[in-house]
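For reference, the structure discussed in these notes is given below.
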Amino acid sequence: MRRGIYLIEEVDFRPMNSRKPLEYLTWLTRYKKEDETLDVPELTEGLSIRSREIDLVGAFYAVGITGHPQFKAVTLWDCHGGWDGGWRQMMNIYDGVDGKLFLSDIDDLRFSAFSRPLGAVHGSPALADITAEGYAAPFYLFESAQVRPGAALDYLDAVREERAPILADHGHRPIGLYEVLFCDTEVVTIWGMSLDDHLALQRARDAALGLDDEVEPDGRLLDWRKRSRDFLAGPWRETLLAPFPGSRLSPLQAPPWDGGATAPPP
């Protein structure tokens, strides 16, 4: 079995205009839903490459109160077929820098976008299997960590063997354990959970710190944080993502306001 290759993109919108991320996520989920029926990839004017092998699995609105710069959207893409499949299709559009490469349909909507290719490691679930199962969570935990050069795979092995069982006891399911490719100092992990499980985890950690005497402490959470420092060499951050209705990892497959409109009621 070949390695799973994915792409994560963080898009921000400036000046702060709350309509822009809504318009972007609505546009993106709609046109990628259409792409699921395409037989062959097509390079189009204004929409760049259209292909079902470049699969928008997750489209998320970043929960700003958890530490994201506001406003931000995050997208997670599955390159079906790995390097020789969806990744090749994405790279092909850069050959010759065809004018159709550029997403002119959304000119001036985004301020910036930062993309990182991701490689799945041992124990990371295949996104295709997760979506085929129909799994979707109301929230996702997004971890980005800077590790010592060359320590990415060791860190992710430790996450799989030591941290994942702890989080599972608190209702967190692994969605992806990823080495950020073309560098050797960053990892990304993504976990699905409910709001209740997120809150319970925070309180269990508080209790382990002696800051909450109303719930059962879980000292393993503190042990893991100490253990993780064996691998870390820079910033480590976890933030929350809310799946946008209509994306594959959202429990809602259409926005509640979507009766042909592109925005929620005021």
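- In terms of heavy-atom proximity, Pro251 sits nearest to Ala136 at N-CB, 3.6 Å.
- Here Phe244 and Phe60 keep their ring centres 6.0 angstrom or further from each other.
- Taking every heavy atom of both residues into account, Ser194 and Pro138 meet most closely at CA-CG, 3.8 Å.
- In terms of hydrophobic clustering, with Ile, Leu, Val, Met, Phe, Trp and Tyr side chains grouped at heavy-atom distances under 4.5 Å, Phe142 and Phe139 are assigned to different clusters.
- Taking NE2 from His172 and CD1 from Ile190, the interatomic distance works out to 13.5 Å, rounded to the nearest 0.5 Å.
- A 4.5 Å side-chain heavy-atom check between Leu232 and Gln146 finds every atom pair outside the cut-off.
- Atom CZ of Arg2 is separated from atom CG of Asp84 by 5.5 Å, given to the nearest 0.5 angstrom.
- Note: Leu127 CG to Cys79 SG = 10.5 Å, rounded to the nearest 0.5 Å.
- Look at Glu23 and Arg110 and you find no salt bridge, because none of the NZ, NE, NH1 or NH2 atoms lies under 4.0 Å from a carboxylate O.
- Summarising the local packing, CZ of Arg225 is surrounded by more than 12 heavy atoms from other residues, nucleotides or ligands at distances under 6.0 Å.
- Checking Trp87, Trp83, Tyr178, Trp77 one by one against Tyr6, the ring pair (Phe, Tyr, Trp, His ring centres under 6.0 Å) holds for a single residue, Tyr178.
- The backbone N or O of Gly58 lies less than 3.5 Å from no partner atom in the side chain of Ser247, so there is not a single donor-acceptor pair.
- Transitive grouping of hydrophobic side chains (ILVMFWY, heavy atoms separated by less than 4.5 Å) keeps Val121 and Ile8 in distinct clusters.
- Between Ser124 and Pro174, every side-chain heavy-atom pair lies at or beyond the 4.5 Å cut-off.
- Looking only at side-chain heavy atoms (C-beta outward), Val187 and Val180 stay at 4.5 Å or farther from each other.
- In terms of the ring pair (Phe, Tyr, Trp, His ring centres under 6.0 Å) criterion, residue partners of Phe13 (sequence neighbours excluded) are, by chain and number, Tyr24.
- Proximity of a side-chain donor or acceptor of Arg116 to a complementary backbone N or O of Val188 within less than 3.5 Å is not detected.
- Between Ile175 and Tyr140 the shortest side-chain heavy-atom distance falls below 4.5 Å.
- Taken from CG in Asp218 to CG in Asp223, the straight-line distance is 8.5 Å, to the nearest 0.5 Å.
- For the residue pair His170 and Ala204, the shortest heavy atom distance occurs at CE1-CB, 3.7 Å.
- No path of Ile, Leu, Val, Met, Phe, Trp and Tyr side chains, each step under 4.5 Å between heavy atoms, connects Leu249 with Leu195, placing them in separate hydrophobic clusters.
- Side-chain heavy atoms closer than 4.5 Å link hydrophobic residues (I, L, V, M, F, W, Y) into clusters, and following such links, possibly through other members, connects Met16 to Leu25.
- Rounded to the nearest 0.5 Å, atoms CG (Leu7) and CG (Asp78) are 10.5 Å apart.
- A salt bridge links Asp157 to Arg160: one of the charged nitrogens lies within less than 4.0 Å of a carboxylate oxygen.
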Take Ile54 and Met90, measure what side chain to side chain contact (heavy atoms under 4.5 Å, CB included) needs, and give me the verdict at the end.
CA-CA 8 Å; Ile54 306 171; Met90 288 195 292; 3.3 Å; yes
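- Side-chain contact between Gln89 and Ile93 is absent, with no heavy atoms from C-beta onward closer than 4.5 Å.
- Looking only at side-chain heavy atoms (C-beta outward), Arg237 and Ser144 stay at 4.5 Å or farther from each other.
- Thr29 contributes no side-chain N or O that, together with a main-chain N or O of Gly246, makes up a donor-acceptor pair within less than 3.5 Å.
- Residues Ala151 and Val147 approach most closely at C-CG2, 4.1 Å, considering heavy atoms.
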Go through the steps to decide whether Leu118 and Leu76 satisfy the test side chain to side chain contact (heavy atoms under 4.5 Å, CB included), and finish with yes or no.
CA-CA 10 Å; Leu118 307 174; Leu76 181 63; 4.2 Å; yes
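- Between Glu238 and Arg163 a salt bridge is recorded (basic side-chain N to carboxylate O distance below 4.0 Å).
- Salt bridge absent: Arg148 and Asp230 never bring a charged side-chain N and a carboxylate O closer than 4.0 Å.
- Side-chain atoms of His80 and Asp55 form a donor-acceptor pair, as typed in the model, at a separation below 3.5 Å.
- Residues Val57 and Ile130 form no side-chain contact, since every pair of their non-hydrogen atoms from C-beta on lies 4.5 Å or further apart.
- Within the model, atoms OH of Tyr155 and OG of Ser228 stand 5.5 Å from one another, a figure rounded to the nearest 0.5 Å.
- More than 12 heavy atoms of other residues, nucleotides or ligands lie within 6.0 Å of CZ in Arg220, so this atom counts as buried by the packing criterion.
- Ala137 and Pro243 make their closest contact through O-CG, 3.3 Å (heavy atoms, listed as atom of the first residue, atom of the second, distance).
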Report the C-alpha distance between Arg14 and Asp12 in whole Å, list the side-chain angles of each, state the deciding distance to 0.1 Å, and finish with yes or no for salt bridge (charged side-chain N to carboxylate O under 4.0 Å, His left out).
CA-CA 7 Å; Arg14 302 181 203 172; Asp12 75 355; 2.8 Å; yes
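- Pro245 approaches Ser250 most closely through the heavy-atom pair CA-OG, 3.6 Å.
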Pair Leu156-Thr189, side chain to side chain contact (heavy atoms under 4.5 Å, CB included): steps then yes or no:
CA-CA 9 Å; Leu156 292 168; Thr189 70; 3.8 Å; yes
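- Within the cation-pi definition used here (under 6.0 Å to the ring centroid, within 45° of the axis), Arg229 does not qualify as a partner of Trp236.
- We find that Glu133 and Arg173 are joined by a salt bridge, their nearest charged nitrogen and carboxylate oxygen being less than 4.0 Å apart.
- Cluster membership for Trp27 and Val74, using ILVMFWY side-chain heavy atoms within less than 4.5 angstrom, is not shared.
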Verify side chain to side chain contact (heavy atoms under 4.5 Å, CB included) between Leu141 and His198, making sure each step is shown before the conclusion.
CA-CA 9 Å; Leu141 181 68; His198 163 67; 5.7 Å; no
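- Between Arg203 and Asp212, at least one side-chain nitrogen of the basic residue sits less than 4.0 Å from a carboxylate oxygen of the acidic one, meeting the salt-bridge criterion.
- There is no side-chain donor-acceptor pair under 3.5 Å between Glu143 and Trp191.
- Annotation: side chain of Thr239 is not in contact with side chain of Val63 (no heavy-atom distance under 4.5 Å).
- Counting heavy-atom neighbours within 6.0 Å of Ile65 CD1, excluding the residue itself, gives a total of 12 or less.
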